[in-house]
**Q** 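So that we are looking at the same thing, I have put the structure below in structure tokens.
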Amino acid sequence: MSPITVDPGPGPGQDWDDLVRIWEDTDAPEGCKVEIIEGIATVSPPPSKDHNTTAALLQRRLYTVIPEEWGIYQKLGVSLPGRAGLYIPDLVVLPRAVASGPGNRVPAEAVRLVVEITSPANANHDRIGKAHGYAKAGIELFLLLDPWHTGRPTATLCGEPSDGTYRVLEAVEYGETLTLPKPFGLDLDTGILPVS
């Protein structure tokens, strides 16, 4: 599907509220994901079965280590107004109190971990644009599960965001173990993840 272009930042007659309205009013086919990445509205097709299985397997493991008052959400919008962005990560971990109530998006500053799983249609958005946006918003940890990585499927954990850039904390090929630091304290066996 083709992206719909809007101005990347607030201009005369356009501000964050206008971008949110475009996001809310975009009529995409059922199951598709509409996001605004650096001011450009994109519509991605529904994820594959392997993509959904990866999200479910990771979610199951994360629930064993997160505090009781936190939740793990799929298809929850994360607002990044300073980046002219409204992203829908594959998984987002944050306090349940922030995710409760009306609406369908949460502020980036409340997010403790964001997870993106690449698909052929969105791999560059996840690897570059969204990684930069999450880092710029100060999201503490970003986990990129990349079954479409050139060569071999890769899991990359990024952290310590500074000026729109993450430091790679750990990168492993699928089949190896990746460790999410405290407060998660999870050793993730990436060998359980499907390879697309």
Side-chain angles (χ1 to χ4, degrees), residues 8-9 16 19-20 23 33-42 44 47 51 54-55 57-59 61-101 103-119 122-146 149 154-172 178-188 190 193:
W16 174 248
L19 291 175
V20 170
W23 179 72
K33 180 167 63 170
V34 178
E35 298 178 286
I36 298 175
I37 303 170
E38 295 182 355
I40 298 174
T42 63
S44 301
H51 188 282
T54 298
L57 288 167
L58 179 57
Q59 187 166 357
R61 277 147 186 83
L62 285 169
Y63 267 121
T64 68
V65 297
I66 64 170
E68 181 66 30
E69 64 275 6
W70 289 10
I72 304 167
Y73 303 91
Q74 295 183 33
K75 299 195 177 194
L76 180 62
V78 176
S79 296
L80 299 97
R83 296 290 310 146
L86 215 158
Y87 303 169
I88 302 177
D90 292 304
L91 293 175
V92 60
V93 180
L94 72 159
R96 243 188 338 273
V98 178
S100 298
N104 50 10
R105 55 195 157 87
V106 296
E109 57 268 13
V111 174
R112 300 302 305 262
L113 169 69
V114 68
V115 179
E116 293 289 357
I117 304 162
T118 64
S119 299
N122 73 2
N124 283 335
H125 282 309
D126 291 346
R127 293 175 189 142
I128 301 165
K130 291 173 81 174
H132 180 68
Y134 292 138
K136 193 76 171 169
I139 293 177
E140 194 174 326
L141 292 172
F142 169 55
L143 177 59
L144 178 68
L145 299 176
D146 195 352
H149 187 270
T154 308
T156 305
L157 179 65
C158 300
E160 301 176 14
S162 175
D163 196 32
T165 304
Y166 278 115
R167 185 169 84 76
V168 174
L169 302 177
E170 187 174 5
V172 301
L178 180 135
T179 301
L180 286 151
K182 295 289 183 192
F184 300 96
L186 175 67
D187 291 326
L188 175 65
T190 62
L193 304 177

**Q** So, the side chain of Arg96 versus the backbone of Trp70: is there a donor-acceptor pair under 3.5 Å, distance only?
**A**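 Between the backbone of Trp70 and the side chain of Arg96 there is a qualifying donor-acceptor contact (under 3.5 Å).
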**Q** Donor-acceptor pair, His132 side chain versus Gly164 backbone, under 3.5 Å?
**A**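 Yes, His132 side chain to Gly164 backbone: donor-acceptor pair under 3.5 Å.
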**Q** Show the atom names and distances, to 0.1 Å, of all donor-acceptor pairs under 3.5 Å that link a side chain in residues 180-188 to residues at least two apart or in another chain.
**A**
unit_1	atom_1	unit_2	atom_2	d
Asp187	OD1	Thr179	OG1	2.7

**Q** Between Leu80 and Leu86, is the side-chain contact (heavy atoms from CB on, under 4.5 Å) condition met? List the steps.
**A** CA-CA 6 Å; Leu80 299 97; Leu86 215 158; over 6 Å; no
**Q** Would you name the heavy atoms of Ala108 and Ala137 that are closest together and state the gap between them?
**A**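 Closest approach of Ala108 to Ala137, heavy atoms only: CB-CB, 3.7 Å.
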**Q** In Å, rounded to the nearest 0.5 Å, how long is the span from CD of Glu109 to OG of Ser79?
**A**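 Answer for the CD-OG pair, Glu109 versus Ser79, is 9.0 Å.
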**Q** Side chains of Leu94 and Leu76, heavy atoms from C-beta outward: is any pair under 4.5 Å?
**A**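 Contact flag for Leu94/Leu76 side chains = yes.
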**Q** Show your working on side-chain contact (heavy atoms from CB on, under 4.5 Å) between Val92 and Val115 and close with a plain yes or no.
**A** CA-CA 6 Å; Val92 60; Val115 179; over 6 Å; no
**Q** For the residue pair Tyr134 and Tyr87, does the interplanar ring angle fall in the parallel (under 30°), tilted (30 to 60°) or perpendicular (over 60°) class?
**A**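 The arrangement is perpendicular - the two ring planes meet at more than 60°.
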**Q** Closest approach of Ile72 and Gln59, non-hydrogen atoms and distance?
**A**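 Smallest interatomic distance, heavy atoms only, reads O-NE2, 3.4 Å.
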**Q** Tell me, do Val93 and Leu62 make a side-chain contact under 4.5 Å, heavy atoms counted?
**A**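 With C-beta onward as the side chain, the pair touches.
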**Q** Salt bridge check: are Lys136 and Asp163 linked by an N-O gap of less than 4.0 Å?
**A**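 Salt bridge: yes.
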**Q** Kindly indicate whether the side chain of Leu193, heavy atoms from C-beta on, has any atom under 4.5 Å from the side chain of Leu145.
**A**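 A side-chain contact exists here, since the closest heavy-atom pair is under 4.5 Å.
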**Q** With heavy-atom distances below 4.5 Å as the criterion, would you say the side chains of Thr154 and Val172 are in contact?
**A**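 Thr154 does not reach Val172 side chain to side chain.
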**Q** Closest heavy-atom contact between Ala55 and Leu91?
**A**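 Closest approach of Ala55 to Leu91: O-CD1, 3.7 Å.
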**Q** Could you report the tightest heavy-atom contact between Gly77 and Ile88, atom names first, then the distance?
**A**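 Reported closest heavy-atom pair: CA-CG1, 4.2 Å.
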**Q** Is it true that a side-chain atom of His51 and a backbone atom of Thr118 form a donor plus acceptor pair closer than 3.5 Å?
**A**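 Flag not set: sc His51 to bb Thr118 has no pair under 3.5 Å.
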**Q** When you measure from the side chain of Asp90 to the backbone N and O of Ile117, does any donor-acceptor pair fall under 3.5 Å?
**A**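 Yes; at least one donor-acceptor contact below 3.5 Å.
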**Q** Report the distance from atom CZ of Phe142 to atom CG of Leu157, rounding to the nearest 0.5 Å.
**A**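 Separation between the atoms: 10.0 Å.
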**Q** Check side chain to side chain contact (heavy atoms under 4.5 Å, CB included) between Arg167 and all other residues, then give those that pass, not counting sequence neighbours.
**A**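 Only Glu160, Leu169 meet the side chain to side chain contact (heavy atoms under 4.5 Å, CB included) criterion with Arg167.
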**Q** Before giving the answer on side-chain contact (heavy atoms from CB on, under 4.5 Å), spell out for Leu141 and Val114 the whole-Å C-alpha distance, their side-chain angles and the decisive distance to 0.1 Å.
**A** CA-CA 6 Å; Leu141 292 172; Val114 68; over 6 Å; no
**Q** Are the side chains of Leu143 and Leu58 in touch, meaning some heavy atoms are under 4.5 Å apart?
**A**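 When only atoms from C-beta onward are counted, Leu58 and Leu143 do touch, with a gap below 4.5 Å.
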**Q** Lys130 and Glu116: which non-hydrogen atoms are nearest, and at how many Å?
**A**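 So the two residues come closest at NZ-OE2, 2.7 Å.
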**Q** Find the distance between OH (Tyr166) and CD1 (Ile139) and round it off to the nearest 0.5 Å.
**A**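 CD1 of Ile139 is found 5.5 Å from OH of Tyr166.
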**Q** Side chains of Asp146 and Arg127: does their closest heavy-atom pair fall under 4.5 Å?
**A**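 They are in contact (side-chain heavy atoms under 4.5 Å apart), so the answer is yes.
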**Q** Minimum heavy-atom separation for Thr190 and Ala155, please, with both atom names.
**A**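 Where Thr190 meets Ala155 most closely, the heavy atoms are CG2-CB, 3.9 Å.
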